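Quick caveat: nothing in here was measured; it's all calculated off a predicted structure. As a basis for the values below, the full set of heavy atoms in this structure was taken, side chains included, without hydrogen atoms, waters or symmetry mates.
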Amino acid sequence: MEVAEMPPVPKPTAQRVRRHKRVVDTPLTAPESPRRVPEWRRASSKWHPAARDWYLSLRESGQAFYYQPSDRMAAWFLAEQMSRVLADPEAKASSYDSVMRGMEQLLCTERSRRSAHVELAPPGASSRLPGESTSSAGEQRAAEVARGVAHLDEARRRLSGS
């Protein structure tokens with residue numbers, strides 16, 4: 001049985017050469033202004049320490065800005081599953097693999113964030129590249145999210161400039 005190879009990981013924005021740059025290709029960046037973060041379920045005191053640490057760190061991660069209630073519930077469920085796998089000395093590799101796949105779906109790895117065109121900058125760092133305009137599509141999208149835009153067509157029109 002042959003193992004399928006993964007597609008190449010996109011390069012970070014700073015390393016990309018854009019010959020035919022389109023607005024939709026601009027990666028999303030989380031805005032630096034704080035947003036009211038919805039409640040997360042409490043981490044269980046019964047979880048394995050590594051699962052608990054992962055769950056607590058995920059709440060503070062930059063990608064958490066984009067999480068919906070179902071994503072937060074998936075994170076809680078994944079921490080529960082991770083705890084069970086780590087506590088089981090006879091856990092199979094497929095159990096570890098399912099945990100890792102869940103982490104990738106929640107954009108917990110650099111590879112998964114690049115594939116989703118989401119780049120996280122350290123706090124206080126500018127998300128713009130030298131020479132880039134001050135109003136990238138990612139910044140416009142972040143502003144739309146912050147304002148809670150309910151009409152997607154209107155937001156798309158503004159982002160495309162038409």
Q: Show the numbers, then the answer: is there a side-chain contact (heavy atoms from CB on, under 4.5 Å) between Ser83 and Lys46?
A: CA-CA 9 Å; Ser83 181; Lys46 298 176 184 176; over 6 Å; no
Q: How about Ser112 and Ser115: does a side-chain donor come under 3.5 Å of a side-chain acceptor?
A: no
Q: Working to the nearest 0.5 angstrom, can you tell me the gap between Asp88 CG and His48 NE2?
A: 11.0 Å
Q: Might you point out which heavy atoms bring Trp40 and Ala75 nearest each other, and give the distance in Å?
A: CZ3-CB, 3.9 Å
Q: For residues Ala51 and Ala79, report the shortest heavy-atom separation together with the two atoms involved.
A: CB-O, 3.5 Å
Q: Counting only heavy atoms not in Phe77 (residues, nucleotides, ligands), do more than 12 fall under 6.0 Å from its CZ?
A: no
Q: Take Leu78 and Met103, measure what side-chain contact (heavy atoms from CB on, under 4.5 Å) needs, and give me the verdict at the end.
A: CA-CA 8 Å; Leu78 186 58; Met103 291 171 74; 3.8 Å; yes
Q: Cation over ring, Arg41 on Trp76, under 6.0 Å and within 45°?
A: yes
Q: Quick one: does Ser57's side chain have a donor or acceptor within less than 3.5 Å of a partner on Asp53's backbone?
A: yes
Q: Can you give me the closest heavy-atom contact between Ser98 and Gln81, atom names plus distance?
A: OG-NE2, 2.9 Å
Q: Step by step, work out the side-chain contact (heavy atoms from CB on, under 4.5 Å) result for Tyr67 and Leu58.
A: CA-CA 11 Å; Tyr67 287 171; Leu58 184 62; 3.4 Å; yes
Q: Please check if the side chain of Asp71 supplies one atom and the backbone of Gln68 the other of a donor-acceptor pair under 3.5 Å.
A: yes
Q: Can you confirm whether Trp47 sits close enough to Leu86 that some side-chain heavy atom of one is under 4.5 Å from a side-chain heavy atom of the other?
A: no
Q: Kindly indicate, with the supporting measurements, whether the criterion salt bridge (charged side-chain N to carboxylate O under 4.0 Å, His left out) is fulfilled by Arg101 and Asp97.
A: CA-CA 6 Å; Arg101 278 185 283 142; Asp97 184 52; 3.1 Å; yes
Q: When rounded to the nearest 0.5 angstrom, what is the spacing between CD in Gln63 and OG1 in Thr109?
A: 9.0 Å
Q: Evaluate the side-chain contact (heavy atoms from CB on, under 4.5 Å) criterion for residues Met82 and Tyr55: first the C-alpha distance (whole Å), next the side-chain angles of each, then the deciding distance (0.1 Å), finally the verdict.
A: CA-CA 10 Å; Met82 182 188 303; Tyr55 182 75; over 6 Å; no
Q: Quick one: are Arg52 and Ser44 in side-chain contact, heavy atoms under 4.5 Å?
A: no
